[in-house]
Enquirer: 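Structure below; questions to follow.
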Amino acid sequence: MKTKFALILCAAAFVGAPLTAAASADHSKHTQSAKPAETDKKPEMVDADVRKIDLDAKKITLKHGPIKSLDMPGMTMVFQIKDNKILDNIKVGDKVKFSTEQTKSGYVVTSIEGAKFEGAK
């Protein structure tokens with residue numbers, strides 16, 4: 001009986017030793033990068049024609065090219081805008097470049113640049 005008990009204790013000590021060593025291992029050299037690679041990307045800018053602007057409803061209608069990041073073909077559609085200020089220099093008929101993101105409430109224009117600003121210094 002004493003032999004079986006001693007054998008069980010030895011087996012437990014043998015199995016438990018690696019677990020104790022792993023628990024006390026130094027993990028200070030393991031680091032994560034500050035930002036995932038996805039956040040380093042600039043938003044996709046898409047060519048579009050401004051068809052309608054509704055400042056009261058905070059909406060803009062754009063005839064746009066394909067939006068690859070959203071797997072969306074070119075079409076004419078209404079987008080929400082977060083802030084009317086991004087439309088200060090934009091009017092119906094302008095050719096623009098814009099970026100958008102999908103939110104719970106729909107697609108929101110996050111930035112827009114008028115064609116007249118392209119190449120300006």
Enquirer: D54: which residues meet the salt bridge (charged side-chain N to carboxylate O under 4.0 Å, His left out) condition with it, sequence neighbours left out?
Expert: none
Enquirer: I'd like to check L62 versus T76 (side-chain heavy atoms, cut-off strictly below 4.5 Å). Are they in contact?
Expert: no
Enquirer: What is the minimum heavy-atom distance between N84 and L55, and which atoms define it?
Expert: ND2-O, 3.2 Å
Enquirer: Consider only side-chain heavy atoms of I, L, V, M, F, W and Y, link residues closer than 4.5 Å, and tell whether V78 and M75 are in one cluster.
Expert: no
Enquirer: Can you sort out the partners of E44 under side-chain hydrogen bond (donor to acceptor under 3.5 Å, both in side chains), two or more places apart, ordered by chain and number?
Expert: S69
Enquirer: Of all heavy-atom pairs between S99 and M45, which one has the smallest distance, and what is that distance?
Expert: CB-SD, 3.8 Å
Enquirer: Tell me the closest heavy-atom pair linking I53 and I90, and the distance in Å.
Expert: CD1-O, 3.6 Å
Enquirer: Kindly indicate whether the side chain of V108, heavy atoms from C-beta on, has any atom under 4.5 Å from the side chain of I81.
Expert: no
Enquirer: Should the pair K91-D94 be classified as a salt bridge under the 4.0 Å nitrogen-to-oxygen rule?
Expert: yes
Enquirer: Start with the C-alpha gap between D49 and K95, add the side-chain angles, then the distance that decides, and say whether salt bridge (charged side-chain N to carboxylate O under 4.0 Å, His left out) holds.
Expert: CA-CA 5 Å; D49 295 323; K95 294 196 179 297; 3.0 Å; yes
Enquirer: Between K97 and D47 (salt bridge meaning N to carboxylate O under 4.0 Å), is one present in this structure?
Expert: yes
Enquirer: Determine whether Y107 and L70 make a side-chain contact, defined as any pair of heavy atoms from C-beta on separated by less than 4.5 Å.
Expert: yes
Enquirer: Sequence neighbours left out, what passes salt bridge (charged side-chain N to carboxylate O under 4.0 Å, His left out) with K82? Give chain and number order.
Expert: E101
Enquirer: Rounded to the nearest 0.5 Å, what separation is found between the CG atom of D88 and the CD1 atom of I112?
Expert: 11.5 Å
Enquirer: So does K58 get a backbone contact from the side chain of Q80, meaning a donor-acceptor N/O pair under 3.5 Å?
Expert: no
Enquirer: How far apart are the closest heavy atoms of R51 and V92, and which atoms are they?
Expert: O-CG1, 3.5 Å
Enquirer: What's the spacing between F79 CZ and I60 CD1 if we round to 0.5 Å?
Expert: 9.0 Å
Enquirer: Is any side-chain heavy atom of K59 less than 4.5 Å from a side-chain heavy atom of K52?
Expert: no
